[in-house]
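A quick write-up on the structure given underneath.
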Protein chains: 2
Amino acid sequence: MIHQLECPVETIIHVLGGKWKPMILWQLIQSNKRFNDLEKLIPDVSQKMLSQHLRDLEREGIINRTVYPTVPPKVEYSLSEYGQTLIPVAEVMCAWGENHNKR
Amino acid sequence: MIHQLECPVETIIHVLGGKWKPMILWQLIQSNKRFNDLEKLIPDVSQKMLSQHLRDLEREGIINRTVYPTVPPKVEYSLSEYGQTLIPVAEVMCAWGENHNKR
DNA sequence: TAATGAGCTTACTTCAAGGTAAGGGGATGA
DNA sequence: TCATCCCCTTACCTTGAAGTAAGCTCATTA
């Protein structure tokens, strides 16, 4: 429902608004991924931006970061339970975006 | 459906991603508005950004711009028929954003 | 005569997002 | 002993989005 002056549409745009965040999210919706995996799957992202965006998404509670104290260290990122609630929203946004791109 | 490498989530974020665009859209969903109305309803927006974002939204086909050749000129902005398709999407985004803000 | 009002546009400045490149920690393999 | 691997972090620079302020058009009003 849209009923405030500060429309919460801005909230979700802020949460997903980084240059690589939709892509990261999409990858993690498919399956859990390690840092290195994401680097390969998103070829143009820099390490800096990848880790920064991952930290942002973690801070928002959307993804989980699991560190396995192996050597060399292994860090796995996954969609949190809360992050799952984004999936239907992302699908609606995607559907509109897809249609829009056809015009 | 999420099924491309270039996720169209980015599209809608791009379309709505200007600082004032969600707010402008929200106002035009309520009712048609003139430039001056929007300036008053969105107190912190500058004229430059308002006209720029309005032009962006018009170029995307989301809003209509109607000029009445009176003196002084009157320009009315309204949601286009295509823009109406954004309403349900915006509502879903809003609902998620609202819930997210509670955390 | 000058000011007003609506709806902009233009020139200049500021600031944050993002890019580039280098380094670091710490156990392991050669 | 040196390099390697993974997952970052830091310092520095570039770019583009947004803010500020001024001006413009043209008929009406004071």
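In what follows, chains are A, B, ... by sequence order, proteins preceding strands, each numbered from 1.
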When you measure from the side chain of [X] to the backbone of [Y], do you find a donor-acceptor pair of N or O atoms at a distance under 3.5 Å?
X	Y	result
B:Ser80	B:Ile62	yes
B:Lys74	B:Pro72	no
A:Glu60	A:Asp56	no
A:Lys33	A:Gln27	yes

Using whole Å, report how far [atom1] of [X] lies from [atom2] of [N].
X	N	atom1	atom2	value
A:Asp56	D:dT9	CG	P	12 Å
B:Met49	D:dA21	CE	C1'	15 Å
B:Ile24	D:dA18	CD1	P	10 Å
B:Leu50	C:dT10	CG	P	17 Å
A:Gln52	D:dA11	CD	P	14 Å

task = Apply the test side chain to side chain contact (heavy atoms under 4.5 Å, CB included) to residues A:Thr11 and B:Glu98: give CA-CA distance (whole Å), side-chain angles for both, the deciding distance (0.1 Å), then the verdict.
result = CA-CA 8 Å; A:Thr11 304; B:Glu98 230 169 68; over 6 Å; no
query = Looking only at heavy atoms, which two atoms of B:Pro22 and A:Val9 are closest? And how far apart?
reply = CB-CG1, 3.9 Å
message = On the side chain of B:Lys48, is there an atom forming a donor-acceptor pair with the base of D:dG19 - under 3.5 Å, no angle test?
response =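 Result: at least one qualifying N/O pair found.
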Polar-atom pairs under 3.5 Å, protein N or O versus N or O of nucleotides 2-7 of chain D: list them with distances, or write none.
from	atom 1	to	atom 2	distance (Å)
D:dC6	O3'	A:Arg34	NH2	3.4
D:dC6	O3'	A:Pro73	O	3.1
D:dC7	OP1	A:Arg34	NE	3.3
D:dC7	OP1	A:Arg34	NH2	3.1
D:dC7	OP1	A:Val75	N	3.1
D:dC7	OP2	A:Asn36	N	3.3

